[in-house]
Structures are given as C-alpha cells and as structure tokens.
Amino acid sequence: MSEQNATMSAARHTGRKRESMLRITMRRLCKSKTAVAGLVILLVLILIGLLSSILAPYPFEQTDLYNTFGTPSRAHPFGTDELGRDILSRLMVGTKYSLRIGLLSVLYSSVIGITLGCISGYYGGKVDGFLMRVMDVFSAIPALVLAIAVCAVLGPGINNCIISIAISGTPSFVRMARASVLNVRRMEYLEAATSINCNTAQIIAKHILPNILAPLIVLMTMSVANNILTASQLSFIGLGVQPPNPEWGAMLSAGRNYIRNYPHMVLFPGITIMLAVLSLNMVGDGLRDALDPKLKD
C-alpha cells in the first residue's frame with residue numbers, strides 16, 4: 001500500500017513538473033511581442049484555411065468573363081483575375097493547400113529524419129558513417145533543385161509536391177537529431193536506463209527523444225515556412241498544385257504575364273505568402289528563446 005501511495009505521489013509530482021515547464025515556456029513565449037503577433041497571424045490563416053468554404057465571398061472556380069482583370073472594388077476587394085475569378089476567394093481557399101503542403105511535408109520529413117538521426121547518433125560507428133554519407137549526397141544538392149527533380153519524376157500534383165519537399169527537407173532533421181543525441185548520449189540517466197536492461201527502442205523513445213525536442217521543435221516551425229516558399233516555387237513552375245485548385249505560388253505564376261497592367265494579380269498573393277512565412281519565422285524565433293534552457297525568468 002505504501003509503495004502504491006509513493007508511486008501515485010511521484011506521478012503527481014511529475015505531472016506538476018511537466019505542467020510547470022509548459023507554463024514557463026508559454027510565459028516566456030508571451031513575453032515576446034513579435035512571437036505573439038506571429039502566432040495571431042498564423043492562427044488567423046489556419047482559421048481561414050479551415051473555414052474557407054464558408055468565409056469565401058464567391059466560389060473559387062466561378063468565372064465572370066464580363067469582369068476580367070477587375071481592379072479592387074467593393075464587390076471584389078482584391079480584384080479579379082484573367083477569367084474573372086475573385087482573387088480574395090481564391091487566396092482564402094489556397095490557404096488550406098499551402099498550409100497543408102507546409103505542415104504535412106514537415107511532418108513526414110521530421111518523422112523520418114528524427115528517427116534516422118537518433119539511430120545514427122545512438123549507435124555511432126559504421127551505422128553513423130553510412131547514414132551521414134547518404135545525407136551528404138542529399139545535402140550536396142540544393143533543396144529546391146532536389147524537390148524539382150523528385151517532383152519532375154513523380155509528376156505534378158499536391159501529393160507528389162508534399163513528398164518531394166519532404167525528401168529535400170529530411171537531411172536537416174537527420175543532422176539536427178544526430179547532433180542533439182551526441183550531446184546527451186553520455187548522460188547518467190542513459191547509463192541508468194541501460195543498467196536496468198531497457199532496450200534500444202525504449203531508451204530512444206522515453207529517455208533521449210524528450211530531451212532533444214526543444215531544438216527540433218524550433219527547426220520544425222522554421223521548416224514549415226521554408227516549405228511553404230518551396231511549394232509556391234514548385235507551383236510557380238507548374239509542378240505543384242494543379243489548376244483549377246488555387247495555390248499562392250500558382251496564382252503568382254498566372255499573374256506574372258499581366259504584372260505591368262494589372263499588378264494586383266501578383267501583389268495580393270505575394271503579400272499573403274510574405275505574411276505566412278513572416279508569422280512562422282516570428283513564432284520560431286519566440287520558441288527558440290522560450291525553449292532555451294539558459295534563459296532565466
């Protein structure tokens with residue numbers, strides 16, 4: 001009975017400790033005005049993407065050939081494109097495509113990259129050497145060029161775009177996870193876990209991964225912004241989201257031929273991309289400071 005009470009007390013103490021760390025992180029994050037501003041912008045964009053079918057004033061594919069190249073007005077605040085489609089509606093619907101590509105590509109690359117990085121850093125030796133040489137090959141190719149090559153092989157489309165961006169972003173997660181594992185591999189708690197016969201999977205999942213998440217979370221946040229830019233670039237050259245589905249980069253590509261006479265066709269998609277990337281970078285900077293163990297309240 002006493003052992004059970006001790007176990008329950010330890011569990012409550014651990015829960016309070018974890019809750020306390022979360023509160024500390026949130027308090028530090030809220031102290032940064034830029035991080036809070038970025039978080040607000042990001043939440044607004046997410047809500048717009050989720051509710052775009054309700055909030056959009058017009059169906060994104062609705063054409064009006066009598067109102068092509070319309071300049072911003074009360075009926076069309078952002079104007080219309082070459083087919084008379086409402087640019088505001090298309091930007092709102094395009095939000096879910098851009099955020100979907102950015103988030104899913106980071107999810108895939110982080111899961112694969114962190115797994116390989118933990119294995120490489122924990123085992124070392126020939127396993128580490130082999131994995132790092134493979135990552136060197138991928139890292140030698142610029143990320144955008146690699147994404148274009150993979151997407152060209154797989155073909156255009158949103159799913160292939162996600163896969164290509166995830167592949168190009170995996171090496172950065174492998175290297176970050178490996179470096180973090182090397183920093184904690186000789187810690188006493190890992191030696192204690194090994195002494196009580198914990199297997200490798202348990203040591204990595206329960207003891208290593210929770211202690212290296214801070215830099216990886218920051219990298220994931222920054223990578224979402226970079227992946228949104230990469231997705232826009234792929235759509236700009238016709239390898240990303242295919243028409244008639246709207247995507248910010250594809251809208252820029254469609255409006256580039258009319259930029260001299262109708263600059264609003266590229267101005268508003270460009271501003272939207274800028275706001276999304278800026279908000280993610282501001283949140284990433286705030287998280288980096290909030291999760292810094294050397295920072296004191």
Side-chain angles (χ1 to χ4, degrees), residues 33-107 157-159 161-162 165 220-221 223-236 240-256 258-259 262-284 286:
K33 295 181 179 179
T34 56
V36 173
L39 187 60
V40 170
I41 296 173
L42 181 60
L43 290 176
V44 170
L45 289 175
I46 292 174
L47 287 176
I48 290 174
L50 293 174
L51 303 175
S52 57
S53 58
I54 300 174
L55 298 177
Y58 302 93
F60 73 89
E61 74 280 7
Q62 178 178 314
T63 61
D64 183 5
L65 298 180
Y66 292 101
N67 192 26
T68 57
F69 302 110
T71 56
S73 62
R74 181 176 298 179
H76 301 281
F78 287 2
T80 59
D81 61 9
E82 72 277 10
L83 296 177
R85 297 172 297 190
D86 183 63
I87 293 178
L88 175 59
S89 300
R90 292 180 63 78
L91 283 175
M92 295 175 74
V93 176
T95 302
K96 65 181 180 182
Y97 289 105
S98 295
L99 292 180
R100 176 185 172 187
I101 294 173
L103 293 173
L104 287 182
S105 59
V106 166
L107 176 63
I158 185 171
N159 292 327
C161 180
I162 293 172
I165 296 175
M220 290 171 67
T221 306
S223 297
V224 173
N226 293 332
N227 289 358
I228 288 176
L229 278 177
T230 304
S232 299
Q233 293 165 340
L234 290 176
S235 296
F236 188 84
V241 179
Q242 298 300 296
N245 295 322
E247 198 273 337
W248 298 337
M251 294 178 68
L252 277 176
S253 179
R256 62 180 172 176
Y258 314 103
I259 188 172
Y262 310 103
H264 67 276
M265 291 183 61
V266 296
L267 177 63
F268 293 111
I271 291 176
T272 306
I273 295 173
M274 181 197 69
L275 286 176
V277 174
L278 179 63
S279 65
L280 285 163
N281 284 331
M282 289 193 296
V283 173

Between OG1 of Thr272 and CZ of Arg90, what distance do you get to the nearest 0.5 Å? 13.0 Å

With sequence neighbours excluded, tell me which residues meet side chain to side chain contact (heavy atoms under 4.5 Å, CB included) with Leu47. none

Any residue meeting side-chain hydrogen bond (donor to acceptor under 3.5 Å, both in side chains) with Thr34, in chain and number order, not counting sequence neighbours: Ser32

To the nearest 0.5 angstrom, please state how far the CD atom of Gln233 sits from the CG atom of Asn227. 10.5 Å

State, with a plain yes or no, whether a side-chain heavy atom of Ile41 is found less than 4.5 Å away from one of Leu278. no

Heavy-atom closest pair, residues Ser235 and Gly240: OG-CA, 3.5 Å

Would you indicate whether the side-chain heavy atoms of Met92 and Pro57 approach each other to under 4.5 Å? yes

Side-chain contact, heavy-atom cut-off 4.5 Å: Ile101 with Ile158? yes

Distance in Å, Leu43 CG paired with Ile48 CD1, rounded so as to fall on 0.5 Å steps: 11.0 Å

Going by atom type alone, with no hydrogens or angles, which donor-acceptor pairs under 3.5 Å involve a side-chain atom of residues 78-87 and a protein atom two or more places apart or on another chain?
unit_1: Thr80; atom_1: OG1; unit_2: Asn67; atom_2: O; d: 2.7
unit_1: Thr80; atom_1: OG1; unit_2: Gly70; atom_2: N; d: 2.6
unit_1: Asp81; atom_1: OD1; unit_2: Leu83; atom_2: N; d: 3.0
unit_1: Asp81; atom_1: OD1; unit_2: Gly84; atom_2: N; d: 3.1
unit_1: Asp81; atom_1: OD1; unit_2: Arg85; atom_2: N; d: 2.7
unit_1: Asp81; atom_1: OD2; unit_2: Arg85; atom_2: NE; d: 2.8
unit_1: Asp81; atom_1: OD2; unit_2: Arg85; atom_2: NH2; d: 3.1
unit_1: Asp86; atom_1: OD1; unit_2: His76; atom_2: ND1; d: 2.9
unit_1: Asp86; atom_1: OD2; unit_2: Ser89; atom_2: N; d: 2.9
unit_1: Asp86; atom_1: OD2; unit_2: Ser89; atom_2: OG; d: 2.7

Cation-pi check, Arg256 to Phe236: give yes when NZ or CZ is under 6.0 Å from the six-membered ring centre and within 45° of the ring axis, no otherwise. yes

Taking the side chain as every heavy atom from C-beta outward, state whether Tyr97 and Pro246 have any pair of such atoms under 4.5 Å apart. yes

Correct closest heavy-atom pair for Ala225 and Asn281 would be CB-OD1, 3.9 Å

Keeping the roles fixed (side chain from Ser98, backbone from Thr95), state whether a donor-acceptor pair exists under 3.5 Å. no

Just jot down the side-chain hydrogen bond (donor to acceptor under 3.5 Å, both in side chains) partners of Thr230, sequence neighbours excluded, or say none. none

Within residues 39-65 or reaching into it, pairs that qualify as side-chain hydrogen bond (donor to acceptor under 3.5 Å, both in side chains) - sequence neighbours excluded: none

Going by ring pair (Phe, Tyr, Trp, His ring centres under 6.0 Å), name the pairs with one or both residues in residues 34-57, residues two or more places apart or in two chains. none

About how many Å separate CD1 of Ile271 and NE2 of His264, when rounded to the nearest 0.5 Å? 12.5 Å

Closest non-hydrogen atom pair, Glu247 against Gly249: OE1-N, 2.7 Å

Atom of Trp248, atom of Ala276 and distance for their closest heavy-atom approach: CZ3-CB, 3.7 Å

Between Gly102 and Ser105, the two heavy atoms sitting closest are O-OG, 3.1 Å

What distance separates Leu42 CG from Leu99 CG, expressed to the nearest 0.5 Å? 7.0 Å

Spell out, as yes or no, whether a donor-acceptor pair under 3.5 Å connects the side chain of Ser232 to the backbone of Ile228. yes

Measure the spacing between OG of Ser279 and CE of Met274 and express it to the nearest 0.5 Å. 10.0 Å

